[in-house]
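Values below: every heavy atom of this structure, side chains too, minus hydrogens, waters and symmetry copies. First listed ligand is number 1; within each ligand, the first listed atom is number 1.
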Amino acid sequence: MPSILVTGGAGYIGSHTVVELFRADYKPVIIDNFSNSEKSVLKGIEAITGETISLYAGDCNDEQFVKHVFESEPEITGCIHFAAYKAVGESVEKPVQYYKNNINSLLELLSAMLKFNIKNLVFSSSCTVYGQPDDLPVTESSPVKKAESPYGNTKQICEEIIKDTVDATGKIKAVSLRYFNPVGAHPTSQIGELPIGTPNNLIPFLTQTVAGIREELIIFGDDYNTPDGTCVRDYIHVVDLAKAHVKALDYLEKEKNDSVYQVFNVGTGNGHTVLDVIKTFELATGEKVKYRIGIRRPGDIEKVWANADKIYEELNWKAERTLKQALYDAWNWQKVLKSRGK
Ligand code: UD1
């Protein structure tokens, strides 16, 4: 059973991926500095899987710490790198912090992988690298546009660093997964998203509004060139997204070519407007969403959704859960959070 290092494994996507790794008979080893996650997440993972977690609490930017983890876990054959800051708005205010953290942690990880001869890397990237695409749905060969934020730029730079490293060394095989909009929670309601402070993203803001924590949801503009004027996104259930990481890892474990680098979109292939999301939430849960239309959010992209053919053809992965399921799961998770006083 190969061990897989999961940096940021206590985070939203990381924790769901750890569950799926156990299911696929990998042994996940988590690194997390808990800067944007909580130790309670580990209990949730253990409740779902019945497994005991291997955790190293520390920072990927710390060379000695990363070295210590690799020395202590000689069975590691691959890494999934989630650990990064992820708030677009905050990245505009604190670019140095974002570049330093997101890029350095990847560099430390790659250095350690080369040193310890670890071959396989799955990187957590984002559809944000496409900006507003000229053609939809967006494919992996669509141009990567100038990033709209330091956060987006860190994803572009990290992808380039990985490609250069693969090409130059021939010792690392890597996949970058470009996520569309991850939503939902584990159907057991043991793990889910844990936004700190006021959420920036649509679904946690929506569920907090329905739970009475927020006054109302403000839709950021209804004058876009879309079917109902609100922005269009490709919302992907976090469990489906987690499974894509396992498929990527399976592929790398089997791949004989020692210097392969592949990029895959991870989305459903369907676009939904913000109003669609609200209607689907109401249908899924029987709850009413209090909302009003506000002004556009600066930097928002009008519409983007994935062409997800490549990941289906090459990794045999496709989204299996609907938006309705994702919203139902997100609501159940919100209720658990509320019962915990969060
Ligand atoms: C963006 C990035 C994504 C990145 C994420 C990190 C794109 C296309 N996506 O997601 O790659 O990982 O940030 O945070 O660049 N909305 C409202 N009211 C709200 C909140 C959101 O109307 O209170 C709308 C937004 O205008 C948008 C949609 O809901 O149309 C989704 O927004 P959000 O959840 O913030 O994600 P993105 O901005 O798409």
Can you tell whether the side chains of [X] and [Y] come within less than 4.0 Å, N to carboxylate O?
X	Y	answer
E51	K27	no
R233	D300	yes
E255	K173	no

* Asked: Only one of E282, E215, E216 forms a salt bridge (charged side-chain N to carboxylate O under 4.0 Å, His left out) with K290, so which one is it?
  ->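 When salt bridge (charged side-chain N to carboxylate O under 4.0 Å, His left out) is applied between K290 and each of E282, E215, E216, only E215 qualifies.
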Looking only at distances, can you tell me whether any N or O atom of [X], backbone or side chain, sits closer than 3.5 Å to an N or O atom of ligand 1?
X	answer
L202	yes
F205	no
R297	yes

Short list, please: which atoms of ligand 1 are under 4.0 Å from a heavy atom of [X]?
X	answer
V304	8 (C)
S126	3 (C), 11 (O), 12 (O)
K86	6 (C), 14 (O)
N200	20 (C), 35 (O)
I219	22 (O)
N201	14 (O), 33 (P), 34 (O), 35 (O), 36 (O)
C231	30 (O)

Can [X] be said to sit on top of [Y]'s aromatic six-ring, NZ or CZ under 6.0 Å from centre and within 45° of the ring axis?
X	Y	value
K163	Y261	no
R296	Y224	yes
K39	F34	yes

* Asked: Looking only at protein heavy atoms, which one is nearest to atom 20 (C) of ligand 1, and how far off is it?
  ->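 Here the closest protein heavy atom is F220 CE1, 3.4 Å.
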* In the protein, which heavy atom is nearest to atom 18 (N) of ligand 1, and how far is it? ->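 It is I218 O, 2.8 Å.
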* For atom 25 (C) of ligand 1, which candidate among D300, I301, N181 holds the nearest heavy atom? ->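 Considering heavy atoms of D300, I301, N181, the nearest to atom 25 (C) of ligand 1 sits in D300.
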* Asked: Under 4.0 angstrom from ligand 1, any heavy atom of Y151?
  ->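 The answer is yes, since Y151 has a heavy atom less than 4.0 Å from ligand 1.
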* Partner set under ring pair (Phe, Tyr, Trp, His ring centres under 6.0 Å) for F116, not counting sequence neighbours ->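 In terms of ring pair (Phe, Tyr, Trp, His ring centres under 6.0 Å), with neighbours along the sequence ignored, F116 is linked to F70.
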